[in-house]
Every structure is written in C-alpha cells, then in structure tokens.
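Note that the structure is predicted; figures quoted are calculated from it, not measured. Along the sequence shown, the residues carry numbers beginning at 1.
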Amino acid sequence: MKFMKIFISILLFNSTVFSFSIAEEVEKPIPSFKFNSSLPLEIKSEELNIEQNTGKATFSGSVMATQGNLILTAVTIVVEYALKNSRMTSEMKKLTANKDVTIVSDTQSAVANKVVYDIISENIIMTGDVILKEGLSATSGDRLTINLKTGSRRMEGNVRTLILSEEEDT
C-alpha cells in the first residue's frame with residue numbers, strides 16, 4: 001500500500017511540476033541540487049527569526065528558496081551562517097529544511113520530510129518518505145545521501161525503484 005501511495009504521489013508530482021528527459025539526465029550525471037553561491041539566493045517566507053549570536057536564521061511559513069533554476073520549498077528552513085568576531089557573516093555553512101520539503105531542479109525533483117545540506121562538505125541528506133525523480137523513473141526510500149563533489153547517491157531503507165521507458169515516435 002505504501003508503494004502505491006508513493007507511486008501515485010510520483011505521478012501527481014510529475015504532472016504538476018516539470019517534465020524531464022532521460023537523455024538529459026545521462027548527459028548530466030552529477031546531481032543538480034547544489035546551491036550556486038555565485039547566483040543570488042532569494043528566500044520568501046511568512047516569518048524570519050535571526051539569532052545573531054548563534055548565526056542562525058529561521059524562515060517559517062510557506063518557505064520558498066530560489067537560486068537559478070533550483071527551487072526548495074518547506075514549512076521551515078534554518079540557515080546557519082559562519083561567525084566572525086562573534087558576528088554573523090553572509091557565508092552559509094548549513095541549510096536545514098523541515099516538513100513537506102520539495103526540491104526541483106532542471107533534471108531532478110525530490111520530496112522528503114527533512115533535508116540537511118552541509119554546504120562545506122557538499123553533502124545532502126534527505127530523510128523521511130524520500131522520493132527522487134529523474135526522467136520518467138523514480139526511487140523512494142527512508143534516507144537519501146548525495147555527495148555533490150562525486151555525484152554519488154545512496155538510498156537506504158525500504159528502497160523501491162520504478163523505471164519507465166520513454167516511448168519513441170516512429
């Protein structure tokens with residue numbers, strides 16, 4: 001039953017977000033969920049709480065972070081910044097998104113309950129009912145770890161994969 005729920009979620013997610021081609025994914029094997037510090041990052045939310053002494057900014061309520069073609073939505077996003085001389089800088093160290101998290105890029109889309117992006121180590125850890133969509137195929141599981149430096153991905157716990165072929169026009 002859980003697989004059917006995930007399958008239906010994938011189909012609904014596909015029809016409302018984007019359509020990607022498998023050929024495009026083959027050409028770009030490195031996951032494209034990486035924030036690009038050379039592009040502006042815009043975060044919209046209903047509320048923002050800044051803790052200067054800890055370097056944390058908490059965005060809450062219908063949060064949407066956009067950078068280039070990367071879109072991240074969640075109920076809350078906590079951004080941890082580096083501290084210099086006990087003051088918060090603009091250098092992001094870590095981003096944590098909680099509840100109803102969705103990430104969409106040009107080639108992939110994913111949903112999870114929680115996403116932790118360690119910007120320094122370039123690792124993303126997604127947990128809780130994770131669904132990763134690439135092209136027409138999708139994989140679900142309990143935990144997905146992505147190393148943005150190497151492009152490696154590891155899905156763990158209750159892993160299911162759905163592979164659909166593209167129909168060619170003749």
Any side-chain heavy-atom pair of I50 and K56 under 4.5 Å: no
I124 side chain reached by V115 side chain, heavy atoms, under 4.5 Å: yes
Minimum side-chain heavy-atom gap V79-L41 below 4.5 Å: no
T89 side chain to A82 backbone, donor-acceptor under 3.5 Å: yes
hydrophobic_cluster_shared for V78 and F59, side chain cutoff 4.5 Å: no
K133 (side chain) donor-acceptor with G135 (main chain) under 3.5 angstrom: yes
Hydrophobic cluster identity match, M88 and I119, side-chain contacts under 4.5 Å: yes
Greater than 12 external heavy atoms within 6.0 Å of D100's CG: no
Exercise: identify the closest heavy-atom pair between E46 and S62: OE2-OG, 3.4 Å
Test item: T139 and L144 side chains (from C-beta on) under 4.5 Å apart, heavy atoms: no
Non-hydrogen side-chain atoms of L132 and R153 separated by less than 4.5 Å: yes
Test item: I71 and M64 side chains (from C-beta on) under 4.5 Å apart, heavy atoms: yes
